[in-house]
Amino acid sequence: MTVKRLYGTYDTQSDRKITLFGWVRNHRPQKAFGFIDLNDGTYFETIQVVYDKSHLDNFEEIRKTRIGSSLRVEGSVERTPDRPQPFEIKARNIQVVGDSQEDYPIQPKRHSREFLREHAHLRSRTNLFTAVFRVRSLLTHAIHKFFQDRDFIHLASPIITASDAEGAGEMFQVTTLDVDNPPKSGKTVDYSKDFFGRKANLTVSGQLQAEAFAQAFKDVYTFGPTFRAEKSHTATHASEFWMIEPEIAFADLRDDMDLAEEMVKEIIGYVMKHAEKELAFLNKFVEKGLLEKLESVVNSTFARITHREAVEILKTAERKFENAPSYEKDLATEHEKHLAKHFDAPVFVTDWPKHIKAFYMRLNDDQNTVAAMDLIVPQAGEIIGGSQREERYDVLLRRMEEMNVDSDELQWYLDLRKYGTTPHAGFGLGFDRMLMYITGVANIRDVIPFPRTPKNCEF
RNA sequence: GCCUCAGUAGCUCAGCUGGUUAGAGCACUUGACUGUUAAUCAAGGGGUCCUAGGUUCGAAUCCUAGCUGGGGCGCCA
């Protein structure tokens, strides 16, 4: 029996004998009886186990059970309509499976997030992280379900890549060479001796490979880890994070945004349906108004503005920005925050100046902007970045030259434009940022089970 | 990489204009308690005041450097 199943069926379980396994969340012993709040991980709520001296031969041992201990409980279900909880377990037999020591750091009280990060192996036993990580699991499923329901093909894009031309930031190198004494060819390291016969890195994006698959399966997506070696110290950056990267053929930027909007609404709706207890808790203790926010996103139409229009909004804003908004520049974090607040809803910003965006984005007819879109949301910032891809061989080649991207290394990518090219588009969704948005948790380190950030690779 | 704040008991924090033996709540240990809900009540144990230097008769407190963490920004997505 599990706590989750009991909460669904306690009406029909009355007086039936059941066995539960779980951990002690709280314990209130008294002279001849006591109460244990037991959590077995299957459900957000705990279950109250009542035990008393007359039914337990090991009463004194159980009475001394500390928080964190694991137990096996035999007993019967008893309805308690007059008490805070709808039912409880009358214990007939309790065995300590694993005792918890005196110095167990997790107490039945509020802990700081910083403290819990340093105890990442235990923090998943707290209410907050129970809620966050169950929502994380549900969100993973919701995303697969969304795409699978629409006949998208999932592909596992490679984690190791030889290309450093993806233009998405600093990469972690992967090597089997002896870094203290690498083989040399003249003064430089001889990578022909390395495992792959060339320099290799951890991927920063599965997009290019997804594009290749989209030219066979039409609608595809990746869902996997991504690695960035930037020394970023912010609440929204991690060195290892997960991305969802759909890629759709015979599609343009509008189709891309339609897909992104539909996806965001549907996956939020799924979580709201399947994580009621967790969201209610987050709504109460983490972000007041969370449920209202999610509800309104599901029922809203996302704003869609061009980069030019975004800058105009910023220029006419009441407040002063440290970075002056410019038609030629990227939006700063403070600009994104302002726009998110201005619309009080997710907002797509489209048609960005070409020189601040990646080489593969489709050049607009004005020759100055590209068919790119970012989705900005309050709190988590940019959670989606996407574009229509440049499907014209000559234009793509020219753009690569303009942006100093090595076209020889990416000949396979250019080939896709030679053999039955299609207009196509895609985007990358930062999974962990999406989770921040849905849970209201303000730091990405608190939505990743064991987060990796610069100078932090414990656990 | 830049700016800023912080580091005192297992946790959250007070003490910091230098001055006796560094405190509180929770947790822990022991005891009381026949229905508790972060139970309550009583007693007890528990300290490298982040580290290293320095100033001083005297440093948790002042100065310098470093380490660690938070927040803001940048890079980036």
Side-chain angles (χ1 to χ4, degrees), chain A residues 25-38 45-54 60 63-68 78 80 82-86 88 90 100-119 122-123 126-127 166-171 203-205 207 226-245 285 321-323 330-337 356-358 372 374-376 380-387 427-434 436 442-446 453-456 458:
Chain A
R25 280 288 184 84
N26 204 353
H27 187 188
R28 295 175 294 276
Q30 296 186 37
K31 190 177 189 177
F33 60 95
F35 305 94
I36 289 171
D37 295 337
L38 194 75
E45 300 284 339
T46 57
I47 213 165
Q48 176 159 282
V49 176
V50 191
Y51 62 92
D52 65 81
K53 206 168 187 169
S54 57
E60 280 307 321
R63 199 169 168 275
K64 290 184 194 312
T65 304
R66 281 182 287 255
I67 292 165
E78 181 151 315
T80 51
D82 302 335
R83 304 205 188 283
Q85 63 282 357
E88 60 190 22
K90 289 269 192 219
S100 178
Q101 304 297 306
E102 283 175 32
D103 57 357
Y104 182 60
I106 309 297
Q107 297 159 28
K109 61 168 258 188
R110 200 186 159 279
H111 292 285
S112 71
R113 307 278 166 82
E114 295 79 23
F115 169 75
L116 290 169
R117 267 172 225 153
E118 290 171 10
H119 296 80
L122 300 173
R123 69 175 178 172
T126 63
N127 281 335
E166 286 156 15
E170 295 292 313
M171 302 176 90
T203 184
V204 292
S205 163
Q207 179 202 317
T226 303
F227 307 89
R228 302 283 169 89
E230 265 96 31
K231 289 180 177 145
S232 301
H233 298 279
T234 79
T236 51
H237 290 81
S239 311
E240 179 182 325
F241 61 99
W242 282 56
M243 277 211 296
I244 295 99
E245 297 181 285
F285 293 108
F321 297 104
E322 297 211 359
N323 307 280
D330 205 349
L331 298 179
T333 306
E334 56 178 337
H335 299 150
E336 291 180 355
K337 284 180 179 169
I356 58 169
K357 287 292 184 183
D374 282 2
L375 180 67
I376 296 163
E382 182 194 333
I383 57 171
I384 286 177
S387 68
F427 63 82
L429 166 71
F431 178 71
D432 314 271
R433 287 185 182 177
M434 187 71 219
M436 290 171 71
N443 196 310
I444 200 166
R445 299 176 191 97
D446 297 327
T453 52
K455 292 274 162 72
N456 183 1
E458 222 188 327

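Numbers restart at 1 for each chain; the letters A, B, ... are given by sequence-line order, proteins then strands.
When rounded to the nearest whole Å, the span between CD1 of Ile356(A) and C1' of G74(B) equals 16 Å. Per the geometry, CD belonging to Glu382(A) stands 8 Å off P belonging to A77(B), to the nearest Å. The CZ atom of Phe427(A) sits 17 Å away from the P atom of A77(B) (whole-angstrom rounding). Rounded to whole angstrom, the span from the CD atom of Gln107(A) across to the C1' atom of C28(B) amounts to 9 Å. Between Glu118(A) atom CD and C11(B) atom P the separation is 9 Å, expressed in whole Å. For the pair Lys231(A) NZ and C73(B) C1', the computed distance is 18 Å after rounding to whole Å. Atom CZ of Arg228(A) is separated from atom P of C75(B) by 15 Å (rounded to the nearest Å). Taking atom CD on Glu114(A) and atom P on G10(B), their separation rounds to 19 Å, with Å as the unit.
Residue Ala229(A) is classed as having no contact, given no heavy-atom separation below 4.0 Å to the nucleic acid. If you check every strand for non-hydrogen atoms under 4.0 Å, Tyr104(A) touches nothing. Contact annotation for Asp374(A): no contact, since no heavy-atom pair falls under 4.0 Å across all strands. When heavy atoms are screened at a 4.0 angstrom cut-off, Thr236(A) is found touching no nucleic acid atom at all.
Comparing the C1' positions of G15(B) and A59(B) gives an interatomic distance of 14 Å, to the nearest angstrom. Between U12(B) and U20(B), the two P atoms lie 28 Å apart (nearest whole Å). Atom C1' of C28(B) sits at a distance of 40 Å from the matching atom of U64(B), rounded to the whole Å. Remark: the separation of the C1' atoms in G46(B) and U8(B) is 14 Å, to the nearest Å. Taking atom P in both U37(B) and C50(B), the straight-line distance is 37 Å, to the nearest Å. Here, C49(B) and U21(B) have their P atoms 15 Å apart, quoted to the whole Å. With P as the reference atom, C62(B) and C16(B) are 10 Å apart, rounded to whole Å. Comparing G44(B) with A60(B), their C1' atoms sit 26 Å apart, to the nearest whole Å.
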Q: Would you give a per-nucleotide map of nucleotides 31-46 of chain B, 5' to 3', where B means the base has a protein non-hydrogen atom under 4.0 Å away, S means only the sugar-phosphate does, and - means neither?
A: --BSBBBBB-------

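Applying the ring-ring contact (aromatic ring centres under 6.0 Å, His included) criterion to Phe241(A), with sequence neighbours excluded, gives no partner residue. In this structure, the ring-ring contact (aromatic ring centres under 6.0 Å, His included) partners of His27(A), at least two apart in sequence or on a different chain, are Tyr51(A). Every residue meeting the side chain to side chain contact (heavy atoms under 4.5 Å, CB included) condition with Asp37(A), not counting sequence neighbours, appears here in chain and number order: Arg25(A), Asn26(A), Arg28(A), Thr46(A), Gln48(A). Annotation: side chain to side chain contact (heavy atoms under 4.5 Å, CB included) contacts of Phe33(A) (sequence neighbours excluded): Gln30(A), Phe35(A), Asp52(A). In this view, Arg83(A) satisfies the salt bridge (charged side-chain N to carboxylate O under 4.0 Å, His left out) rule with no residue, not counting sequence neighbours. By the side chain to side chain contact (heavy atoms under 4.5 Å, CB included) test, Glu45(A) pairs with Tyr7(A), Tyr43(A), Lys277(A), sequence neighbours left out.
In terms of position along RNA chain B, the nucleotide closest to Lys455(A) lies nearer the 5' end than the nucleotide closest to the other residue of the pair His233(A) and Lys455(A). When each of Met243(A) and Arg445(A) is assigned the nucleotide of RNA chain B bearing its nearest heavy atom, the one mapping closer to the 5' terminus is Arg445(A).
One finds a side-chain N or O of Thr333(A) lying less than 4.0 angstrom from the OP1 or OP2 phosphate oxygen of G74(B). For G69(B), the OP1/OP2 oxygens have no side-chain nitrogen or oxygen of Arg113(A) closer than 4.0 Å.
Looking only at distances, no side-chain donor or acceptor of His237(A) sits under 3.5 Å from a matching main-chain atom of His233(A). One N or O on the side chain of Ser205(A) and one on the backbone of Gln207(A) form a donor-acceptor pair closer than 3.5 Å. Looking only at distances, no side-chain donor or acceptor of Ser239(A) sits under 3.5 Å from a matching main-chain atom of Glu230(A). Checked by atom type and distance alone, the side chain of Arg66(A) pairs as donor or acceptor with a backbone atom of Ser100(A) at under 3.5 Å.
Checked against C11(B), A77(B), C75(B), the side chain of Phe115(A) finds its nearest nucleotide in C11(B). You'll find that the side chain of Lys337(A) is closest to C73(B), out of C73(B), U12(B), U29(B).
In this structure, A6(B) and U68(B) make a Watson-Crick or G-U wobble pair, each of the two defining distances being under 3.5 angstrom. Pair assignment for G44(B): C28(B), on the basis of Watson-Crick or G-U wobble contacts that are both within less than 3.5 Å. Using the Watson-Crick or G-U wobble rule with both distances under 3.5 Å, G1(B) pairs with C73(B).
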Just the table, please: protein N/O against nucleotides 5-8 of chain B N/O, every pair under 3.5 Å.
none

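Considering all non-hydrogen atoms of both residues, Arg123(A) and Arg445(A) come closest at NH2-O, 3.1 Å.
Within 3.5 Å, a donor on the side chain of His237(A) pairs with an acceptor on the base of C76(B), or the reverse.
Within the structure, the salt bridge (charged side-chain N to carboxylate O under 4.0 Å, His left out) test picks out no pair touching residues 101-114 of chain A (sequence neighbours left out).
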